Structures are given as structure tokens and as C-alpha cells.
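All remarks here apply to the structure that follows.
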Amino acid sequence: MLPDEVMQTAQRELCEYAGLRASVMEISHRGEDFLYIRRETESLLRALMEIPSHYWVLFLSGGATGQAAAVPMNLTAAADARAAYVITGHWSRRAAAEAQKYCVVHVAADTAASRHTVLPHSLDIPADVAYAHIASNETIHGVEFPAAPAVSVPLVADMSSNILSRQMRVADYALIYASAQKNLGPSGITVVIVRPDAVCPRAQTPAVWDYRRQQEEESMYNTPPTFQLYMMGLYLKWVKRRGGVEAMERQNREKAALIYDCLDKSDFYKTPVKGDCRSIINIPFTLPTDTLTASFLQGAEKQGLLGLKGHRALGGCRASMYNAMPVAGAQALANYLSEFERVANRK
Ligand SMILES: Cc1ncc(COP(=O)(O)O)c(C=O)c1O
């Protein structure tokens, strides 16, 4: 979800932005008006996440999928360099597979045997790897690191689905990347937050993903996704007005508790992830049969509870509750879960 207020502002400003007689999509990305939007968006993100001032903040294209390749191309000096990957679900596995094309991947842990329902007890991270990579929240499997794992090499995190959802210490990471479409705005723009001393781009690194070059050019080596950047700015102002990341976290924990409580006290629904690695954002769950699942999803749609179908890689159902989802939305889902179970058990 995007917040209604953000959508309404965008709608009002769509055809004419700030009295310029042009849309934000029509003005030059090198003009003062757009540069102001770009700089304000970066300042807002820096303030909300308390990003240390020496870190670079880049706005790039290509999604988190692009960053799976860009990370090794910028953080390892040569193709025989090693990087450690912690595999806790679909997205970290995909990142490792992509990185394999550009460096030697060392698997630090793989929770496949548990079907990715737990976090690894320990990590095997050799001292000579250039970095260790995690997906801080596995969007499909619903497993989240409650805090940055302690490692003695630079830590890289794909935060695509939990950035801004709870407080994090940016200084624990050498690099954070996130595609925008979950908790930053619409798809088409990717944020990279990186500590400059970790960066050593190879000569073959495409210029659009060369962190150093993009930093030198304020992420404008090529034309940036201007509308997406503008939308991110509106979104970040909304987060700030709502009380910042602390307030988002409080609300996200409240929403997650409503749904987990409901699932945990039921014999009808099953949710695979237990304990403190449960995601507060993405909650996968299943019903006893495919027929019941289909009927559950159909009934949910009728009540305006949308997008509950699980990812095709896992099936079942999934409640994804990003920042813009109000507590009332989670409450409506909890009510529907209970009611559906009651009716199904009567039959
Ligand atoms: C954790 C995570 N990583 C990576 C991706 C891929 O992002 P994109 O499709 O923007 O490349 C997603 C998409 O949902 C995700 O949730």
C-alpha cells in the first residue's frame, strides 16, 4: 500500500507541479526544481534513518535484483574474490546465485532444511571474504533478522521489504540496498546506502551501477527515475509527519501481534515461522486444503482485503503489512480470519 495522502498529493500535482506549468515528469532533471526534490528526498531519508553523514545515499534503477549484481561488482576487486552469503529464503538465494557470476560465493549458512522457517544458529564467515550478505527480511518466507548479525567483515543487507519498518543502526552495515516498492514508494527506484571505504568498483562495472561514479554525479550519471524519486519524497514526508521510524515500528508491531495472535490460537491456520525471527511485515500462513484457501481468498477480496495470495514460490496465503497499512486494516484481517474459521468449522 501507499498512503492515501501521498496518492492524493500526487494526484493534485500530477499535471502541474509547484506552479511550474509542467508536471514533475516534464521538467528537466538537471533543473533547480528537480534538484531540490532530489536533495530534499535524500535529506529526509538521512534524517529518518539517522544515516551517518559520511555514508553515500544513491538512487538507482534496476531494483534489488540489479543490486544483487552491482554489490559484488562494487565491493570485490576481482572475479576470484570471495563473498559470504547467508541463505534464509528465496531472495537471499537469488542474490547469491547472481553474485556467483561476479565473485566466488561462500555459503555462510543455508536454512533450506527447515524450509526457511528459522534463522541459522551460527554463521561460517571466513576472514578473507570481501563482505557478508543477508536479506534482513525474507518477504516470501516471513523470516526477519531481529538485529544485524555480529560479523567481523563488512555486512551487506537487502532491506527491500523492511527498510523504514523498524529502527535499525545503519552503522552496523557497510551497505544497505532496497527497492522502493514496499516501504519507500513506487517501484522503479532503488536506494543504496553505502560506506565509501567499502567501495572498490571494477573497471567493467556498468557506469549506471558504479557507486563511485553515481556518487560523484549525485545519482545523475544517467537520467534518474524522476517521478519515483518525487513519490519517494512525498512518502518520506508522510513517514516524518506520522512520527518517523519509531512510530512506524510501534504500529507495525501492533499489526503483526494482531495477526500472529489470531493464527497462534487457531488449529485451523498454520504459520510456519516461530520465535523472534518472525517477520513483523510479511506473515505467511496456510489453510487445511486448497479449496478452503481459494474460498478464503475469494471471501477476503469481497471484503476489500486484497493481495493475500501467497507468493507463487511458496503458495498458501501471506499478509504483507507495510507502513501504509493502518492498524484498522490488520484488525479487519484478524476479524475475517476468526470469522472464516468459525464458519468453516461449523460445516
Ligand atoms: C527482499 C527482496 N529482495 C529483492 C526483491 C526483488 O526486487 P526487485 O523486483 O525490485 O528487483 C524483492 C522483491 O519483492 C524482495 O522482497
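All residue numbers refer to positions in the sequence shown, counting from 1. What you are looking at is a predicted structure, and each value in this text was computed from that prediction instead of being measured. Counting starts at 1 for both ligands and their atoms, in listed order.
- Every atom of ligand 1 is numbered from 1 in the order shown, and the set under 4.0 Å from a heavy atom of Thr139 is 1 (C), 2 (C), 15 (C), 16 (O).
- Taking the six-membered ring for Trp and the full ring otherwise, the centers of His133 and Tyr85 sit less than 6.0 Å from each other.
- Between Tyr230 and Tyr17, the distance from one ring center to the other falls under 6.0 angstrom.
- For atom 6 (C) of ligand 1, the closest heavy atom belonging to the protein is Trp91 CZ3, 3.5 Å.
- Under the 4.0 angstrom criterion for non-hydrogen atoms, Ile140 is not in contact with ligand 1.
- Every atom of ligand 1 is numbered from 1 in the order shown, and the set under 4.0 Å from a heavy atom of Gly63 is 10 (O), 11 (O).
- Within the listing of ligand 1, atoms 7 (O), 8 (P), 10 (O) sit less than 4.0 angstrom from a heavy atom of Ser179.
- In this structure, Arg241 places its CZ atom where more than 12 heavy-atom neighbours from other residues, nucleotides or ligands lie under 6.0 Å away.
- Atom CD of residue Glu218 and atom CZ of residue Phe59 lie 10.5 Å apart, to the nearest 0.5 angstrom.
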Steps toward side-chain contact (heavy atoms from CB on, under 4.5 Å) verdict (Leu308, Leu305): CA-CA 7 Å; Leu308 284 164; Leu305 297 164; 3.9 Å; yes
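- Between His90 and His141, the gap from one ring centroid to the other reaches at least 6.0 Å.
- For Met159, the closest heavy-atom approach to ligand 1 does not fall below 4.0 Å.
- With hydrogens left out, the protein atom closest to atom 3 (N) of ligand 1 is Asp158 OD2, 2.6 Å, a heavy atom.
- Of the protein's non-hydrogen atoms, Thr65 OG1, 2.5 Å is the one closest to atom 11 (O) of ligand 1.
- The two atoms that bring Ala109 and Pro120 nearest to each other are CB-CB, 3.5 Å, heavy atoms only.
- In this structure, the side chain of Lys237 does not engage the main chain of Thr41 through any donor-acceptor pair within 3.5 Å.
- Given atom 14 (O) of ligand 1, the protein heavy atom at minimum distance is Lys182 NZ, 2.6 Å.
- The shortest separation from a heavy atom of Glu138 to ligand 1 is not under 4.0 Å, leaving the residue out of contact.
- If you look at Asn137 next to ligand 1, the close heavy atoms, those under 4.0 Å, all belong to the backbone.
- Of the N or O atoms in Arg94, none lie within a sub-3.5 Å distance of an N or O in ligand 1.
- Of the N or O atoms in Ser161, none lie within a sub-3.5 Å distance of an N or O in ligand 1.
- Classified by interplanar angle (parallel below 30°, tilted 30° to 60°, perpendicular above 60°), the ring pair Phe296/Phe340 is perpendicular.
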